[in-house]
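The shown structure was predicted, so the numbers you read here are calculated from the model rather than taken from an experiment. All values below were derived from every heavy atom in this structure, side-chain atoms included, with hydrogens, water molecules and symmetry-related copies excluded. Whatever order the structure lists them in is the order used to number ligands and atoms, beginning at 1.
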Amino acid sequence: MLIAELLLHRTRAENVVPVYNEFIQKIPDIEALSLKSASEIQKIAGSLGLEWRLKLMIKMAEVIVNRFRGQIPCDLEQLKQLPGVGEYIASAMLIFYCGRLLPLLDTNTVRITGRYFDLEQSDGSRKTKEFQECITYLIDPKEVSESYYALIDLGAMICKPANPECQSCPLREHCNYFNKTNKGC
Ligand code: SF4
């Protein structure tokens, strides 16, 4: 999951998939990654560009092996101390790997949350308390990661940036955007 997040940074998912599959096949765990050289990683993932992140991956693996005995920590501050891991990746790890209920706001989930709760969206929305609180109401606390996967899919397939397909959306009954735009129908 950490590797996928780092490879997806500023890179299209369809380009990442084949590289990720080869990466995981050749380097199946964190310890193996910590023993690789930058040039070995470059051969596998160099086609994606952003060479600096490949070096960070090795450093990240070294820290996990040496400082956390090979275990990925389920702690926000400790995760953020890993090279290459910022606030978003740390939160994603806590949600999908550790099962914590936390806000995870990216372009898609900001759009859904903004439309659903009728919140004004801006570049800084993901950092605001109202977006961070509101998105958690869309998440089932018993199925946190599944709920987020569903939201991410919803944003890609139904609640698209332009022309959302509200008639097919399972959230439409209580969605402010839907109720406003379909008033009188
Ligand atoms: S009803 Fe429409 S605007 Fe609301 S979440 Fe669904 S697709 Fe998005």
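Contacts with ligand 1 closer than 4.0 Å are made by heavy atoms of both the backbone and the side chain of Arg172.
In summary, the atoms of ligand 1 found under 4.0 Å from a heavy atom of Cys169, numbered by their order in the structure, are 1 (S), 5 (S), 6 (Fe), 7 (S). Shown in contact with Tyr177 at under 4.0 Å from a heavy atom are these atoms of ligand 1, numbered in order with element: 3 (S). Residue Arg115 has at least one heavy-atom neighbour below 4.0 Å for each of these atoms of ligand 1: 3 (S). Atoms of ligand 1 lying under 4.0 Å from at least one heavy atom of Phe178, given by number and element, are 1 (S).
When only modelled atom types and interatomic distance are considered, Asn108 and Arg111 share a side-chain donor-acceptor pair under 3.5 Å. With 3.5 Å as the limit, one finds a donor-acceptor pair spanning the side chains of Ser37 and Glu40. Gln81 and Arg67 share a side-chain donor-acceptor pair at under 3.5 Å.
Arg126 has no carboxylate O lying under 4.0 Å from a charged side-chain N of Asp106, or vice versa, which leaves the two without a salt bridge.
More than 12 heavy atoms of other shown residues, nucleotides or ligands fall within 6.0 angstrom of atom CG in Asn21.
Shortest contact from atom 2 (Fe) of ligand 1 to any protein heavy atom: Cys166 SG, 2.4 Å.
Distances from atom 6 (Fe) of ligand 1 show that Cys159 has no N/O/S atom below 2.8 Å. Atom 2 (Fe) of ligand 1 has no N, O or S atom of Cys175 inside 2.8 Å of it.
Here Tyr149 and Phe96 bring their ring centres to under 6.0 angstrom of each other.
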